[in-house]
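Structure, as structure tokens:
Every chain is numbered from 1 and lettered A, B, ... according to where its sequence line falls, protein lines coming before strand lines.
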Protein chains: 2
Amino acid sequence: MSQTVDRALSILPLLAQGPADLGQVAERLGVHKSTALRLLRTLHEHGLVYRQEDQRYRLGARLFALAQEAVENLDVREIAHTHLVELNEQCGHTVHLAVYEENEVLYIDKVESRYPVRMYSRIGKPVAITVAAVAKLLLADLTEPERRVIAERLDYPLYTSRSTPNAGAFLKELAVVREQGWATDLGGHEESINCVGAPVRGADGRVVAAMSVSAPNVVVTAEELLTLLPLVRRTADAISREYSGTTHAKKA
Amino acid sequence: MSQTVDRALSILPLLAQGPADLGQVAERLGVHKSTALRLLRTLHEHGLVYRQEDQRYRLGARLFALAQEAVENLDVREIAHTHLVELNEQCGHTVHLAVYEENEVLYIDKVESRYPVRMYSRIGKPVAITVAAVAKLLLADLTEPERRVIAERLDYPLYTSRSTPNAGAFLKELAVVREQGWATDLGGHEESINCVGAPVRGADGRVVAAMSVSAPNVVVTAEELLTLLPLVRRTADAISREYSGTTHAKKA
DNA sequence: TCGGGTGTTGCATCATGTGCAACGGGCATT
DNA sequence: AATGCCCGTTGCACATGATGCAACACCCGA
């Protein structure tokens with residue numbers, strides 16, 4: 001809508017892929033170098049972009065600070081975290097937390113199976129929306145027309161033979177998930193990985209987040225993983241209760 | 001330099017303080033509502049801003065995804081290398097760079113004392129984790145329970161009489177290192193070799209890598225090597241600054 | 001039904017961002 | 001040293017695109 005800002009913001013994802021020099025930025029934006037320079041300078045003044053020693057541009061520290069604040073404002077995450085860790089201790093597998101925002105499903109927290117060391121590895125990355133259990137849970141809560149619109153617009157990459165093949169199958173799956181209140185991904189993203197997930201609901205009953213447990217089937221079979229379902233649902237419900245309880249405490 | 005972009009970007013820190021509606025944004029920016037609307041819409045299209053159900057605007061999760069992607073594509077080694085070379089030129093000794101990954105500490109770069117050329121022979125090899133200065137620095141940054149778990153699982157080979165003998169001593173050493181912000185290895189790996197090291201930190205303050213200077217005590221005594229500590233720390237800090245993209249943001 | 005509070009749209013004005021062309025500085029090649 | 005090339009940078013004339021206004025649409029409470 002605003003051409004100048006639009007161009008400036010387009011620089012950010014571009015730089016997220018790696019450092020670039022002025023010429024590269026200008027070229028990939030399709031504008032004159034001098035224009036790119038002024039945009040970069042403005043971004044720089046706001047600290048969103050950093051100029052490293054070889055004069056190439058990178059995303060700057062301010063962006064990380066903003067991202068931090070953005071994620072802190074998602075208070076579901078804070079509330080959920082201890083529950084996720086607890087669940088991880090009980091079952092030993094990887095636990096994910098995700099939210100839906102602007103046609104994307106994003107992981108916002110993750111507890112690794114073995115040791116809680118390398119935790120933040122993939123957080124922030126968009127989820128395979130057509131197959132992931134958490135994605136199904138979040139989309140299943142939308143209204144029927146919303147679901148249809150989104151389902152039509154998606155691509156259906158065949159990660160494996162069990163990936164959701166098309167919009168029809170996806171909508172059907174969403175209906176099932178909506179009905180039963182939990183979801184699975186049985187080898188739909190990676191052949192050997194299965195997941196079980198459950199929704200976190202706010203005070204009004206709407207799904208605000210979704211969580212799942214993932215495990216490779218060399219460790220546990222799909223059936224065994226399903227026996228964890230009650231535990232997963234109990235955890236999700238515990239988070240929901242705590243979230244609903246505190247969510248009304250609004251501050252100025 | 002670019003008024004439009006400048007205004008648009010000023011919205012972000014504003015929203016970082018908490019959600020705001022159109023009127024508030026327009027007022028605090030000092031522009032007409034319609035102008036603020038168009039700016040917000042542009043930010044929205046790029047996912048940097050999210051419109052919650054009460055129509056107020058919030059920072060979007062995309063920011064988080066963006067920052068995450070940038071971090072993953074950041075190459076500490078690339079950034080550090082020139083600094084390591086520079087340090088090597090100043091002190092003449094061997095300089096190492098290491099990271100912690102999967103319960104191991106790995107050298108990822110090395111500048112030799114004599115020949116500043118490639119001696120990649122040992123890069124990629126695991127470090128003597130119980131004695132090396134860089135290993136102490138990297139492990140010292142983990143949480144207390146993590147440190148304990150790891151310390152228990154390690155072997156404590158007695159390379160020399162001054163090697164760390166057991167888990168208790170190691171944990172104690174890590175506490176010291178954590179406290180003082182630098183580390184040494186005085187003949188703990190090879191009788192005649194001493195090292196001084198300092199940590200490289202990311203934007204969030206966590207240690208992402210560690211560097212050290214090593215020299216045989218036939219060339220310099222341990223005390224002489226310690227006089228290099230300020231230089232080593234300054235170099236590590238310079239790398240940290242560049243890695244985290246610290247920049248001076250201008251105020252309105 | 002009204003009134004005050006939002007967010008939204010179309011439009012005329014001109015401030016602003018734009019591309020051009022010329023400059024300068026670093027670096028490698030000769 | 002001298003040369004040429006490749007970047008980043010600057011000043012400027014032009015017109016594009018951002019701006020504020022005023023009117024409209026909507027929701028809620030009175």
Output the distance between atom CG (A:Leu59) and atom CD (B:Glu69), rounded to the nearest 0.5 Å. 8.5 Å

Please name the pair of heavy atoms, one in B:Gly60 and one in A:Glu101, separated by the smallest distance, quoted to 0.1 Å. CA-OE2, 3.2 Å

Under 3.5 Å donor-acceptor, A:His44 side chain and A:Val49 backbone: yes

With no hydrogens and no angle check, is any side-chain donor or acceptor of A:Tyr156 less than 3.5 Å from a backbone partner on A:Ala151? yes

Any Lys/Arg nitrogen of B:Arg41 or B:Glu45 sitting under 4.0 Å from an Asp/Glu carboxylate oxygen of the other? no

Rounded interatomic separation in angstrom, taking CG from B:Leu22 and P from C:dT6: 10 Å

Of the listed C:dT9, C:dG7, C:dT18, the closest approach to the B:Asp21 side chain comes from C:dG7

Is any side-chain N or O of B:Arg41 closer than 4.0 Å to OP1 or OP2 of C:dT9? yes

Between P of C:dG7 and CD of B:Glu27, the distance in whole Å: 12 Å

Would you tell me if any nitrogen or oxygen in the side chain of B:Ser2 comes within less than 4.0 Å of OP1 or OP2 on C:dG17? yes

Provide, to the nearest angstrom, the distance between the NZ atom belonging to B:Lys33 and the C1' atom belonging to C:dT9. 12 Å

OP1 or OP2 of C:dG7 versus the side-chain N and O atoms of B:Gln55: is any pair under 4.0 Å? no

Footprint ends on DNA chain D, 5' to 3', for atoms under 4.0 angstrom from a heavy atom of chain A, come out as D:dG8 to D:dA18

Would you mind reading off the distance between B:Gln3 atom CD and C:dT16 atom P, rounded to a whole angstrom? 4 Å

Return whichever of B:His32 or A:Tyr57 has its heavy-atom-nearest nucleotide of DNA chain D closer to the 5' end. A:Tyr57

Look at all strands and tell whether A:Ser34 reaches a base, only sugar-phosphate, or nothing, counting heavy atoms closer than 4.0 Å. base

If you check the A:Leu39 side chain, which of C:dT9, C:dT18, C:dG17 turns out closest? C:dT18

What does A:Arg56 touch in the nucleic acid at a heavy-atom separation under 4.0 angstrom: a base, only the sugar-phosphate, or nothing? nothing

d(CE, B:Met1; P, C:dG17) in whole Å: 11 Å

Rounded distance [0.5 Å steps], CG in B:Leu87 versus OG1 in B:Thr94: 11.0 Å

A:Asp6 CG to C:dT18 C1': how many Å, rounded? 15 Å

Mark yes or no for whether A:Ser240, through its side chain, and A:Arg201, through its backbone, hold a donor-acceptor pair below 3.5 Å. yes

Report for the helix from C:dT1-D:dA30 to C:dC23-D:dG8: angle between first-end and last-end helix axes, five pairs each, rounded to 10 degrees. 40°

Using the side chain to side chain contact (heavy atoms under 4.5 Å, CB included) rule, take B:Thr235 and B:Glu86 through it: C-alpha gap first, then chi angles, then the decisive distance, then the call. CA-CA 9 Å; B:Thr235 304; B:Glu86 197 178 318; over 6 Å; no

Any chance you could lay out the side chain to side chain contact (heavy atoms under 4.5 Å, CB included) test for A:Arg178 and A:Arg147, step after step, and finish with the verdict? CA-CA 11 Å; A:Arg178 187 185 177 89; A:Arg147 276 178 275 158; 3.6 Å; yes

Between C:dG5 atom C1' and B:Asp54 atom CG, what is the distance in whole Å? 15 Å

Quickly work out the A:Leu29 CG to C:dT18 P distance and round it to whole Å. 10 Å

Are the charged groups of B:Glu78 and A:Arg56 less than 4.0 angstrom apart, N to O? yes

